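First up is the structure itself, then whatever we jot down about it.
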Amino acid sequence: MYPGYFISFEGIDGAGKSTHIESFQKLMQERYPQREVVMTREPGGTSLGERLRTLLLDAPMNLETEALLMFAARREHIAQVIEPALSAGKIVISDRFTDASFAYQGGGRGLSLKKLNELEHWVQGRPNGVLLQPNLTILFDLPGEIAEARRSKVRAPDKFEKMDLNFFEKVRQEYLRRAKEDPKRFYLVDATKTPDLIWSDLKKLEIII
Ligand code: TYD
């Protein structure tokens, strides 16, 4: 679809993806010195998107408003950052993308998957009818209780991090359902392992660009 390569990192809060994403960026840069590696995140990645992020992570809001704002931020992110970078042959690494909307707004909060599918097609649909999706999604998977114990050790929780165990179990199940639906795109990381073991798994991951 594009000469570039698009990688997303996903997982429930506390799964440990942030620990590895920067090292992974460095690894990609070493492996592909001739390519620029662009690091970005969702919600966010543009100045408008970062303003929406502040609202989304702080303010309680109607579920549909939340989903629409997530996808509005994503539309801007695709238009301003992701598509231009992929068109220029760059490697884009995004800390979360659309699977997070299915997992959090769909699985966790209960928005219908039909509506999420419609938003996904609206925001990621290309003129040729093909959806813009990551080439690879690295999903950090672990039980909700372990993630909860890890989260309690870190900084003050945002709106989502304050949710209960039941919410995170539903988020996790939706991530796993998405992974099962598109197994070629997903690489599952057993996030119960130690950071060292996870890192050696990530280093072994074969990426053909
Ligand atoms: P996160 O990526 O975990 O950043 P940090 O590590 O700085 O906390 O925070 C983003 C939060 O937003 C996370 O709780 C998941 C949530 N989120 C959604 O609910 N829907 C989405 O579509 C996206 C992209 C994120």
Side-chain angles (χ1 to χ4, degrees), residues 6-25 39-46 48-78 80-82 92-113 115-124 131-134 137-142 144 146-148 150-175 177-179 189 191 195:
F6 183 17
I7 304 170
S8 62
F9 273 63
E10 297 281 1
I12 62 176
D13 293 275
K17 71 181 165 52
S18 313
T19 314
H20 297 285
I21 199 162
E22 268 182 42
S23 322
F24 192 78
Q25 176 194 9
M39 267 292 288
T40 187
R41 68 170 180 181
E42 288 206 351
T46 64
L48 175 66
E50 290 296 323
R51 287 162 78 182
L52 291 171
R53 179 185 177 96
T54 305
L55 285 172
L56 281 160
L57 299 195
D58 290 348
M61 62 184 76
N62 169 273
L63 172 55
E64 298 197 352
T65 310
E66 185 173 285
L68 287 164
L69 289 180
M70 289 288 180
F71 275 95
R74 181 163 300 129
R75 184 68 211 119
E76 194 67 13
H77 192 205
I78 291 171
Q80 304 284 352
V81 177
I82 299 175
V92 176
I93 302 177
S94 186
D95 189 344
R96 300 192 186 281
F97 193 63
T98 303
D99 299 306
S101 301
F102 277 82
Y104 282 78
Q105 282 64 55
R109 293 200 64 196
L111 185 65
S112 80
L113 298 187
K115 284 189 176 162
L116 286 160
N117 272 317
E118 283 166 5
L119 286 170
E120 184 180 39
H121 278 78
W122 189 19
V123 167
Q124 288 153 248
L131 282 191
L132 167 67
Q133 290 289 19
T137 296
I138 299 177
L139 172 58
F140 285 69
D141 178 57
L142 85 176
I146 304 178
E148 189 172 55
R150 288 187 189 167
R151 279 199 305 281
S152 61
K153 293 196 193 111
V154 293
R155 53 182 167 46
D158 63 38
K159 187 177 93 182
F160 294 103
E161 289 162 345
K162 281 188 196 133
M163 299 300 284
D164 64 13
L165 189 56
N166 178 44
F167 173 85
F168 282 107
E169 274 304 332
K170 289 189 287 185
V171 173
R172 179 191 188 196
Q173 291 313 318
E174 178 57 18
Y175 268 133
R177 189 196 67 80
R178 291 273 289 177
V189 170

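All ligand and atom numbering here is 1-based and tracks the order in the structure. All heavy atoms count here, side chains included; hydrogens, waters and symmetry mates do not. Just so it is clear, the model here is predicted, and its values are computed rather than measured.
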- Note on the structure: shortest atom 1 (P) of ligand 1-to-protein heavy-atom contact is with Arg96 NE, 3.5 Å
- Validate the cation-pi geometry between Arg41 and Phe9: distance from NZ or CZ to the six-membered ring centre under 6.0 Å, angle to the ring axis within 45°. no
- The one among Ser101, Ser94, Pro157 that brings a heavy atom closest to atom 22 (O) of ligand 1: Ser101
- Out of Ala15, Ser18, Ala100, Gly108, whose heavy atom sits nearest atom 23 (C) of ligand 1? Ala100
- What do you reckon, are the aromatic ring centroids of Tyr175 and Phe102 less than 6.0 Å apart? no
- Query: Can you list the atoms of ligand 1 that are under 4.0 Å from a heavy atom of Gln105?
  - Reply: 18 (C), 19 (O), 20 (N), 21 (C), 22 (O)
- Restricting to heavy atoms, the pick from Asp95, Leu69, Leu57, Leu116 nearest atom 11 (C) of ligand 1 would be Leu57
- Task: Between Ala103 and ligand 1, find which residue part has any heavy-atom pair under 4.0 Å and reply side chain, backbone, both or neither.
- Result: neither
- Message: Checking a contact table here: which protein heavy atom is nearest atom 5 (P) of ligand 1, and how many Å away?
- Response: Arg155 NH2, 3.4 Å
- With distance as the sole criterion, is a donor-acceptor pair present between the side chains of Thr98 and Arg178 under 3.5 Å? no
- Task: Return yes when Arg53 approaches ligand 1 closer than 4.0 angstrom through a heavy atom, no otherwise.
- Result: yes
Donor-acceptor contacts, no H, no angles, side chain residues 57-70, under 3.5 Å, sequence neighbours left out:
| from | atom 1 | to | atom 2 | distance (Å) |
| --- | --- | --- | --- | --- |
| Asn62 | OD1 | Glu64 | N | 2.9 |
| Asn62 | OD1 | Thr65 | N | 3.1 |
| Asn62 | OD1 | Thr65 | OG1 | 3.3 |
| Glu64 | OE2 | Lys115 | NZ | 2.7 |
| Glu66 | OE1 | Arg109 | NH1 | 2.8 |
| Glu66 | OE1 | Lys159 | NZ | 2.8 |
| Glu66 | OE2 | Gln105 | NE2 | 2.7 |
| Glu66 | OE2 | Arg109 | NH1 | 3.3 |

- Tell me, which protein residue and heavy-atom name are nearest atom 21 (C) of ligand 1, and how many Å apart are they? Met70 SD, 3.3 Å
- Message: Counting only heavy atoms, tell me which of Lys17, Glu161, Glu42 gets closest to atom 24 (C) of ligand 1.
- Response: Glu42
- Message: Return the CG to NE2 distance between Leu131 and His121, rounded to the nearest 0.5 Å.
- Response: 4.0 Å
- Task: Would you give the length of the straight line joining atom CD of Glu174 to atom CG of Asp99, rounded to the nearest 0.5 angstrom?
- Result: 9.0 Å
- Message: Just to confirm my output: which protein heavy-atom neighbour is closest to atom 25 (C) of ligand 1, and how far is it?
- Response: Pro43 CD, 3.5 Å
- Item | Main-chain N/O of Glu50 paired to Thr54 side chain as donor or acceptor, under 3.5 Å | yes
- Query: Distance-only, no hydrogens or angles: does the Arg172 side chain make a donor-acceptor pair with backbone N or O of Leu142 under 3.5 Å?
  - Reply: yes
- Which of the numbered atoms in ligand 1 are below 4.0 angstrom from a heavy atom of Asp13? 3 (O), 13 (C), 14 (O)
- Query: Would you say Arg74 has any N or O atom under 3.5 Å from an N or O of ligand 1, going by distance alone?
  - Reply: yes
- Is the ring centre of Phe97 less than 6.0 Å from the ring centre of His77? no
